[in-house]
Amino acid sequence: MESIGVLLMCPMYSYLEQELQSRFNLFKLWQQPPSKITEFLKSNQRTIKAVVSNARVGVDAQLIDSLPNLEIVASFSVGFDKIDLKRCEEKGIRVTNTPDVLTDDVADLGIALILAVLRKICPCDGFVRSGKWKDGDFGLSTKFSSKPVGIVGLGRIGSAIAKRAQAFGCSISYHSRTQKPLKPYKYYDNIVDLAKNCSILVVACSLTDETRHIVNREVIDALGPRGILINVGRGAHVDEPELVSALLEGRLAGAGLDVYEDEPEVPEPLLRLDNVVLLPHVGSDTVETCNAMADLVLANLEAHFNSRPLPTPVI
Amino acid sequence: MGSSAADEDLPQVLLIKNPPAFAVLGEEHFTSPKFRYLKAFESSLPLHDFLAAHGGSVRAILASLSVVDASVLDLLPEVRVIATTSAGLNLLDLPECRRRGIKIANAGDVYSTDVADYAVGLLIDVLRKISASNRYVKQGFWASKGDYYPLGSKLRGKRIGIVGLGRIGYQVAKRLEAFGCSIAYNSRKAKPGVSYPFYQTVQELAAKSDALVLCCGLTQQTRHLVNKEVLAALGKEGVIVNVARGGVIDEKEMVRCLMEGEIAGAGLDVFENEPEVPKELMELDNVVMSPHCAVRTRESLMEVGRLAVRNLEAFFSNEPLLSEFEDD
């Protein structure tokens, strides 16, 4: 296997990198100066048979076309919105992702963000650290339990979020492409009605052409000045400038975000808002889950190069 | 708020201090056609002088932040009920009340939900580094320094040890079960009908837990319950969450353990000497702190005030209290 060339798109996780290094002929794209990348790909195009990508750095048509011997793209993520699936399909290139192993962590983070925003956990911590407690009490926060939660996308992650929110006595409603008859929650066939009928809107769907900017001005207005938005999907799900102005103008009570349109760039006005919690895309960032995701990437690569069925294929 | 002749006939409820709920949300939410308030805090007289002058026929107290002890009760010979809006009962002299046949209506379940929610919030924050990574992003470090490290720790499969399985502890347990945690507990005695494993001592519980969540009251028995031995049993990977009272933990020892990496982290809403917080904690990213605000939501404040009013109305109608405190 040491002769099989694997291109790693960006630094991801040291355990994954080490394992790829020991099992394959590993090429690290970020170690090439940008001006030399075309040359680098050209000189290694015969060897490189696999690409490992993630949520941040994808695989576009240009890259695919420059690697004529590419057989498989294994993503260290569950989302594959940055991979040109169409081009991969045309060329018979397999694509794999890391579903299920990260469902719990992302769902946990969704609830963590709700609590952090409503109960003001982060500003409270800041209040103590700054010494302000000596001058007076903090003030009131907003209850979470029993509040109506609306979930956009009731897949694995959305369902896991629903299950947790139910333990807090919340009523659950959702919007997705199709109604899920086995799920006991109220379904809305459009996201505006969902937003009107909840006070906590959680984005947990996959990013497609249909869901790009699914949270727009109309949805934000429907959610209203007492509503909060939680995004553990993709930054592109939300019209970010609209979200920023809604928060600045008090048309939304708060937001908890793990993803942004142009990571790691975060809209500057949000940095100063106490009613907004900003996380650096850490949805699946636990030791346990990163290990499991890495093992899945390796299992997919090993299976492919040993002509066995892929554990978690997308195509 | 002018009184009429009929008002004068209404029984009086003593307010020693203005309850936070009235001050923050407005007294108009807490009036009743069945009684009127006697506001000691509006008088320039010292409390005991005021009570000596006006307390003779008062049958009820709505207590919030005030001490109600024998000296106060001596001046209120007709009092038969105290409704409190506080979460804790430590300002009321319970044995004195019992001796005088005074019933206590407490905050019931109103606060327990909010405290349970907050305990879960603190636990996940510590394990997943929410506050620390929010600070990281807001200081502009994500773009300049790169992705946030170290990685957090997964919640599913964690063994949670709950100290005090009362209303709050039980709600914490129910919530964390939904995240895939396993629950065990220590309480004064094992709870019948509860299937979680019971440990006789907190030290045994700590030895078998990845995180301890303190939900007990502060009594002589629970002061410094979490001591050097318990923290050692909890261990280097262990996390402690305290939404009970600061005095339940040997704070100095806990700070030492955190500084020396002998426990992995802490989520603390309460401290031994509030609002003083050990300055060593201010530098630690694996500690999440809050200014004793686990009960303080707008909703709870409203609800607890309304519950006190309903309890008092029940009393004056000779009906059972809705949330009578029974000391077990």
Anything in residues 9-20 of chain A with a heavy-atom distance to chain B below 4.5 Å? Please list those residues in order. A:Met12, A:Tyr13

What residues of residues 285-294 of chain A sit under 4.5 Å from chain B when you count only heavy atoms?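 Result: A:Asp285, A:Thr286, A:Val287, A:Glu288, A:Thr289, A:Cys290.
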
Do you know which of [options] has the most heavy-atom pairs with chain B at a distance under 4.5 angstrom?
options	value
A:Gly131, A:Gly256, A:Ala167	A:Ala167
A:Lys120, A:Lys143, A:Lys132	A:Lys143
A:Arg56, A:Lys163, A:Gln166, A:Arg164	A:Arg164
A:Ser146, A:Ala112, A:Ser130, A:Pro123	A:Ala112
A:Ala160, A:Cys122, A:Gly169	A:Cys122
A:Ala107, A:Gly126, A:Gly139, A:Ala116	A:Gly139

Determine all donor-acceptor pairs shorter than 3.5 Å in which one atom belongs to a side chain in residues 269-283 of chain A; sequence neighbours excluded.
from, atom 1, to, atom 2, distance (Å)
A:Arg272, NH1, A:Glu268, OE1, 3.4
A:Arg272, NH1, A:Glu268, OE2, 2.8
A:Asn275, ND2, A:Ala253, O, 3.0
A:His281, ND1, A:Glu263, OE1, 2.7
A:His281, ND1, A:Glu263, OE2, 3.3

Do you know which of [options] has the most heavy-atom pairs under 4.5 Å to chain A?
options	value
B:Met282, B:Glu276, B:Lys154	B:Lys154
B:Pro291, B:Ser133, B:Gly121	B:Pro291
B:Ala178, B:Ser144, B:Gly152	B:Gly152
B:Val295, B:Leu155, B:Leu176	B:Leu155
B:Leu301, B:Ile130, B:Val24	B:Ile130
B:Asn134, B:Asp269, B:Ile124	B:Asn134

Pairs flagged by ring-ring contact (aromatic ring centres under 6.0 Å, His included) wherever residues 279-309 of chain B is involved - sequence neighbours left out: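 As it turns out, there is no ring-ring contact (aromatic ring centres under 6.0 Å, His included) pair with a partner in residues 279-309 of chain B once direct neighbours are skipped.
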
Roughly how far, to the nearest 0.5 Å, is the CG atom of B:Leu25 from the CE atom of B:Met302?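 One gets 5.0 Å once the value is rounded to the nearest 0.5 Å.
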
Between SG of B:Cys293 and OH of B:Tyr118, what distance do you get to the nearest 0.5 Å? 4.0 Å

Given B:Leu123 and B:Ile160, is the side chain to side chain contact (heavy atoms under 4.5 Å, CB included) satisfied, shown in steps? CA-CA 10 Å; B:Leu123 179 64; B:Ile160 310 298; 3.9 Å; yes

Can you tell whether the side chains of B:Asp125 and B:Lys129 come within less than 4.0 Å, N to carboxylate O? no

Side-chain donor-acceptor pair under 3.5 Å between B:Ser300 and B:Asp114, yes or no?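 Checked: B:Ser300/B:Asp114 side chains pair up, N/O donor to acceptor below 3.5 Å.
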
Does a donor on one side chain and an acceptor on the other come within less than 3.5 Å for A:Ser75 and A:Lys82?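 No.
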
Please classify the contact of [X] with chain A as side chain, backbone, both or neither, using a heavy-atom distance under 4.5 Å.
X	value
B:Phe141	neither
B:Val277	side chain
B:Arg175	both

Please check: side-chain N/O of A:Asn97 versus main-chain N/O of A:Ser77, any donor-acceptor pairing under 3.5 Å? no

Toward chain B, the part of A:Ser284 with a non-hydrogen atom under 4.5 Å: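 Backbone only.
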
Residue A:Phe168 versus chain B: region with a heavy atom under 4.5 Å: both

Evaluate B:Arg156 against B:Cys181 for side chain to side chain contact (heavy atoms under 4.5 Å, CB included), listing each step before the verdict. CA-CA 5 Å; B:Arg156 178 174 288 280; B:Cys181 297; over 6 Å; no

Tell me, please, whether A:Phe144 has A:Lys147 positioned over its six-membered ring: NZ or CZ under 6.0 Å from the ring centre and within 45 degrees of its axis?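 Geometry flag: not set, cation outside 6.0 Å or 45°.
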
